[in-house]
Amino acid sequence: DFRNSPWFAMGWTSAEMATDYQGLSGDDFTFDVALGMGYRVSDTLMISAGFVVINLNGDEEIFPGINFSWKPCDAFSLALFGPKLLARYDINDSWYISLNGTPGGGSWNIDDSTGQSRTIELDSYWIGLNTHHRITGEFCVSAGIGYTFANQIEIKGNHGNGPSLERDMDGAALAQISLSLRSW
């Protein structure tokens, strides 16, 4: 936050390792960074814009994003953070339901049978309806059902080595359950 101003800025970075453990190299690590700036229109509405750069040490990709967060009443909120959608309805102090949409997938580095470094990339989008319950204190349980679509898998050679293989895949139902410790 900028002092005495409705303007704010944000940023994050992440580092990941995804490997088959056949030999660690720079191809097994990825680095991402995001920056953005926003404006608090009111106590219930925030808008912002920014960009994310993913895979800084490989095939870099840049994605712009427009974000907003709106809370028209105490029990309901709606937010869009780039490709992530979140609609939340608070039923009571210990229970809320949500509709979430988020990109899924990931990247993994492997060494193929000839010893060439390859990357397996899975891209998809998940949408799901979830219920979240506080059991006691900060101990929570969540469960949800949904569907994954726009699924695509690609196997490609790193550093221009070898051909790539790309396939679209069918959508599929999903279910999830989790136990967590978190601040409500």
Side-chain angles (χ1 to χ4, degrees), residues 1-3 5-40 46-69 78-87 98-128 130 142 144 146-169 171-172 174 176 178 180-183:
D1 288 333
F2 299 112
R3 291 185 182 167
S5 171
W7 289 95
F8 60 92
M10 65 215 127
W12 62 260
T13 185
S14 70
E16 300 174 359
M17 182 179 80
T19 182
D20 61 359
Y21 297 102
Q22 298 298 314
L24 291 176
S25 71
D27 294 333
D28 297 307
F29 297 92
T30 60
F31 302 95
D32 308 328
V33 65
L35 296 171
M37 187 161 206
Y39 186 80
R40 191 169 316 282
M46 176 273 304
I47 57 173
S48 61
F51 66 92
V52 62
V53 182
I54 63 169
N55 202 15
L56 285 172
N57 62 325
D59 296 328
E60 295 88 3
E61 294 181 272
I62 300 173
F63 298 99
I66 296 175
N67 311 297
F68 78 90
S69 176
L78 179 65
L80 181 68
F81 301 108
K84 292 185 173 193
L85 168 71
L86 174 62
S98 66
L99 176 68
N100 302 71
T102 189
S107 295
W108 299 269
N109 186 66
I110 62 167
D111 289 339
D112 68 12
S113 60
T114 65
Q116 296 293 318
S117 176
R118 298 199 174 276
T119 298
I120 299 174
E121 287 188 2
L122 174 63
D123 294 316
S124 65
Y125 196 85
W126 307 352
I127 191 152
N130 303 282
S142 299
Y147 195 75
T148 177
F149 58 95
N151 301 312
Q152 184 180 60
I153 192 165
E154 181 179 8
I155 302 172
K156 59 185 178 181
N158 294 325
H159 314 293
N161 295 331
S164 292
L165 168 70
E166 187 175 313
R167 289 244 162 90
D168 291 331
M169 298 184 304
L174 65 92
Q176 59 187 22
S178 66
S180 60
L181 285 172
R182 66 176 170 200
S183 236

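The structure displayed is predicted, hence computed values, not measured ones.
- For Phe149, the ring-ring contact (aromatic ring centres under 6.0 Å, His included) test picks out Tyr125, with sequence neighbours left out.
- Distance check, rounded to the nearest 0.5 Å: CD of Glu154 to CG of Asp168 gives 11.0 Å.
- Scored by the side-chain hydrogen bond (donor to acceptor under 3.5 Å, both in side chains) test, Thr102 finds no partners at all (sequence neighbours excluded).
- Here the CG-CD1 distance, from Leu174 to Ile127, works out to 10.5 Å after rounding to the nearest 0.5 Å.
- With sequence neighbours left out, the side chain to side chain contact (heavy atoms under 4.5 Å, CB included) criterion links Ser124 to Trp126, Thr148, Asn151.
- Remark: Leu122 CG is packed, more than 12 non-hydrogen atoms of other residues, nucleotides or ligands lying under 6.0 Å away.
- Partners of Ser14 under the side chain to side chain contact (heavy atoms under 4.5 Å, CB included) rule, at least two apart in sequence or in another chain, are Trp12, Glu16, Asp32.
- Taken to the nearest 0.5 Å, the CD1 atom of Ile153 stands 10.5 Å off from the CD atom of Glu166.
- Legend: residues meeting side-chain hydrogen bond (donor to acceptor under 3.5 Å, both in side chains) with Ser98, ordered by chain and number and at least two apart, are Asn100, His132.
- Taking every heavy atom of both residues into account, Phe68 and Leu78 meet most closely at CE1-O, 3.8 Å.
- Counting heavy atoms from C-beta outward, Thr30 and Ile54 have side chains that stay 4.5 Å or more apart.
- With sequence neighbours excluded, no residue forms a ring-ring contact (aromatic ring centres under 6.0 Å, His included) with Phe51.
- By the side-chain hydrogen bond (donor to acceptor under 3.5 Å, both in side chains) test, Asp123 is found to be paired with no residue, residues two or more places apart in sequence or in another chain being considered.
- Atom-to-atom distance recorded for Ile155:CD1 and Glu121:CD is 11.0 Å, nearest 0.5 angstrom.
- The two residues Gly38 and Ser48 have their closest heavy-atom pair at CA-CB, 3.4 Å.
- With values rounded to the nearest 0.5 angstrom, Met169 atom CE is found 8.5 Å from Gln152 atom CD.
- Listed by chain and residue number, nothing satisfies the side-chain hydrogen bond (donor to acceptor under 3.5 Å, both in side chains) test with Glu61 (two or more places apart in sequence, or in another chain).
- The ring-ring contact (aromatic ring centres under 6.0 Å, His included) search around Trp7 returns Tyr39, not counting sequence neighbours.
- Side-chain atoms of Phe29 and Asn109, non-hydrogen and from C-beta on, never get closer than 4.5 Å to each other.
- Of all non-hydrogen atoms in Leu56 and Glu60, the two that sit nearest each other are O-OE2, 2.6 Å.
- Residues passing the side chain to side chain contact (heavy atoms under 4.5 Å, CB included) test with Ala49, sequence neighbours excluded: none.
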